[in-house]
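Have a look at the structure below before the remarks.
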Number of protein chains: 4
Amino acid sequence: MTAAGRARRSDVRRNEQVLLDAAAAVFVRAGVDAPVREIAAEAGLGMGTVYRHFPTRADLVVAVFRHQLDGLAVDAPPTAGTPYDVLRTWVDRFADFLITKHGLAAALHSDQAGFESLHAEFVERLMPVLDRLLAASAAAGQTRDDVRAYDLMLGIGNLCIGVETLPDYRARNMIDLLLAGLRVPA
Amino acid sequence: MTAAGRARRSDVRRNEQVLLDAAAAVFVRAGVDAPVREIAAEAGLGMGTVYRHFPTRADLVVAVFRHQLDGLAVDAPPTAGTPYDVLRTWVDRFADFLITKHGLAAALHSDQAGFESLHAEFVERLMPVLDRLLAASAAAGQTRDDVRAYDLMLGIGNLCIGVETLPDYRARNMIDLLLAGLRVPA
Amino acid sequence: MTAAGRARRSDVRRNEQVLLDAAAAVFVRAGVDAPVREIAAEAGLGMGTVYRHFPTRADLVVAVFRHQLDGLAVDAPPTAGTPYDVLRTWVDRFADFLITKHGLAAALHSDQAGFESLHAEFVERLMPVLDRLLAASAAAGQTRDDVRAYDLMLGIGNLCIGVETLPDYRARNMIDLLLAGLRVPA
Amino acid sequence: MTAAGRARRSDVRRNEQVLLDAAAAVFVRAGVDAPVREIAAEAGLGMGTVYRHFPTRADLVVAVFRHQLDGLAVDAPPTAGTPYDVLRTWVDRFADFLITKHGLAAALHSDQAGFESLHAEFVERLMPVLDRLLAASAAAGQTRDDVRAYDLMLGIGNLCIGVETLPDYRARNMIDLLLAGLRVPA
DNA sequence: TATGAATGAGCCTTCATTCAT
DNA sequence: AATGAATGAAGGCTCATTCAT
């Protein structure tokens, strides 16, 4: 009945966008388990529309996540510099991303069904990139070669959890520490 | 009446213990948001009894957490060795604790009301210990002196999140990396 | 425009046919209360088209029923034989019909609005036929003359209910019993 | 909050009774699929109470049915007379029961889950009785011996469907016809 | 005329919380 | 002090139905 309602047939696409944005906002505000009603309200759409586009909550969460990832230029031409510098730059960008899109890092741990997709998306999209950078850096003898990109990625993700909720927690310092640890010979 | 009164009071104590154990078990099984009914059932007590002892869920979570911390012999005589060794040992023990009592690390981030207590408890009980070890190690020139115990404690806690849910995530490796990072001169 | 108009009109006809068949199929599969969407899908048409042709669900159910009745050659030249034989043959055919189009017998009892039409249709189309056969048989002294075609028709219909859902219920035996009862002098 | 609410702890039993009666009433009025809310309202209780006593709708339906059956003195000493008379008397009583507790006969055909219990209850409680009567009558040479109690029971049940909804449908006449058919030699 | 996206009422179900006993 | 029955708010989900295109 709202203006958005009148839009109808035209932009199904736009609605999906609206929903993704709304969901992202609500997830930050109220967590990944926020009521569907709330997301619908935030989007100015009916609940049915949410379900039409994202049959299960997991679908929505995954879509939001993917949407966010699209924003992260993971493949962007890395800054010039030594392999280690490139690695650092990428990690910083990754941390920026996680810290900005607060809540997402934590959402990764939602034990609910559908979480697998979330995790899989995360792994499939990012790990190859990090893996490459890590290998290059190790090949150049700048970092240890016994650290798995998988663990590092998750570790960094974890370190970012709670940045907005834990008073005065400095995630970046810890990430720096982690990267510093990389340099030390095992 | 005195005898009876004493008996009664000891009953109350016992119930509290039973509840704490039950809650801990249920938290592991079903998360910190498990139904009160389930906790009561696990304890073999009525729901009213749960509420009598712990008016809010936060009270219960905090109590469980404190209870767990009591189990962690944070003040136990540190192993012999260099300050850094002592630090490492303590961190290992801390990680053991968090990984064993799975869910607790994540619970720290529960945005619910009452979370503050949880966090406060955590900080008050553990930070002083870690702070001391860290200072000693730095004073001995074995580690950097620009890392705050607060961040390190939270960082380690974070790194332990998802050990049981993320497939094949090796938290310990990341913790090692973090500690290795400590050694590197800033 | 005439040619186009004619074509259009024939399309409409075709759609109605398609819908009736689809609805019949879905009714069997999922009951008379099946989602409209499902019927539309089965027909390969839009939901709006279903509503255009059959504004209410009752309209659709009645139409399907009428459609089915059209298939039942109630007026087909009766088999040769005594009036009672003819009666039996018709009843058998009727039972075949009901058992085949399962669900329809039960649908007769749907208390919903629009049910009246269903019942009326049933009565108007079939009762006269049965009435005639019954009267002939009675006139020939082969069966009782105190049984109303109306009751008999409904009774037979009822006996067919649940053939597919009640395990091992033999409706035909009961129908035979009913017909046998007709022969006995009151 | 209502007076019924205040009754609390005392009569859990009474509440179950109240619920059974309420459910029976609502089932007649609105079918076996009536909203739980409506049943709760009819009972003057909260919805949660319904769920506490009858976790699934099937549980409730079965309980209502059983409750009704308890009212039918199926084992009551049959009237004196020939075996066939006894049979007739029992069947009449059974028909009375079904016709009085309208809706129940139809409820037997609810295809939902839990229906099995309903059917089973029906079969287990009544069939043995009817079987005995039928056998006695057949042994006395008063009725056919090739009719199964199971079919007869279901047939009679079916014939009672729609007594209140089908205008002027005389179920009893059809039942009489069925019984008459029993006498005729196959 | 046909379509199917959008809407939102309505029902189900779970659980935190109260409070009579 | 302990109990657990009762309550009802809250949120999930499914369709019937409308109506812009």
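Keep in mind it's a predicted model, so treat the numbers as computed, not measured.
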Main-chain N/O of B/Ala24 paired to B/Arg29 side chain as donor or acceptor, under 3.5 Å: no
Counting distance only, does the side-chain N/O of B/Arg57 pair as donor-acceptor with the main-chain N or O of B/Val32 below 3.5 Å? yes
Expressed as a whole number of angstroms, how long is the span from [X]:[atom1] to [N]:[atom2]?
X: A/Leu19; N: E/dA5; atom1: CG; atom2: C1'; result: 12 Å
X: A/His53; N: F/dC13; atom1: NE2; atom2: C1'; result: 17 Å
X: B/Phe54; N: E/dT18; atom1: CZ; atom2: C1'; result: 19 Å
X: D/Arg13; N: F/dA5; atom1: CZ; atom2: C1'; result: 15 Å
X: C/Asp59; N: F/dT17; atom1: CG; atom2: C1'; result: 15 Å
X: D/Arg14; N: E/dT21; atom1: CZ; atom2: P; result: 12 Å
X: B/Asp33; N: E/dT14; atom1: CG; atom2: P; result: 17 Å
X: C/Ile39; N: F/dA16; atom1: CD1; atom2: C1'; result: 12 Å

Complement of [N], any strand, by Watson-Crick or G-U distances under 3.5 angstrom:
N: F/dA1; value: none
N: F/dA9; value: E/dT14
N: E/dA9; value: F/dT14

Quick check on DNA chain F: between A/Thr56 and D/Gly46, whose nearest nucleotide comes earlier from the 5' end? D/Gly46
Comparing B/Gly44 and C/Pro55 on DNA chain F - which has the more 5′ nearest nucleotide: B/Gly44
Residue pair B/Ala34/C/Met47 against DNA chain E: nearer the 5' end by closest nucleotide is C/Met47
Whichever of C/Thr49 and D/Gly48 has the more 5' nearest nucleotide on DNA chain E, that residue is C/Thr49
Quick one: which of [options] gets closest to the side chain of [X]?
X: A/Val12; options: F/dA16, F/dG11, E/dA5; answer: E/dA5
X: B/Leu45; options: F/dT3, E/dA2, F/dA6; answer: F/dT3
X: D/Tyr51; options: F/dT14, F/dA16, E/dT13; answer: E/dT13
X: C/Arg52; options: F/dA1, E/dG4, E/dA2; answer: E/dA2

Quick one, [X] and [Y] - any side-chain contact, counting heavy atoms below 4.5 Å?
X: B/Val61; Y: B/Phe54; answer: no
X: D/Leu60; Y: D/Phe27; answer: yes
X: C/Asp21; Y: C/His67; answer: yes
X: B/Leu45; Y: B/Val50; answer: no

Would you say the side chain of C/Arg37 and the base of E/dG4 hold a donor-acceptor pair, judged only by whether the two atoms sit under 3.5 Å apart? no
Under 4.0 Å between a side-chain N/O of C/Asn15 and OP1 or OP2 of E/dT1, yes or no? no
Regarding B/Arg57, tell me which of base, sugar-phosphate or nothing describes its non-hydrogen contacts under 4.0 Å with the strands shown. sugar-phosphate
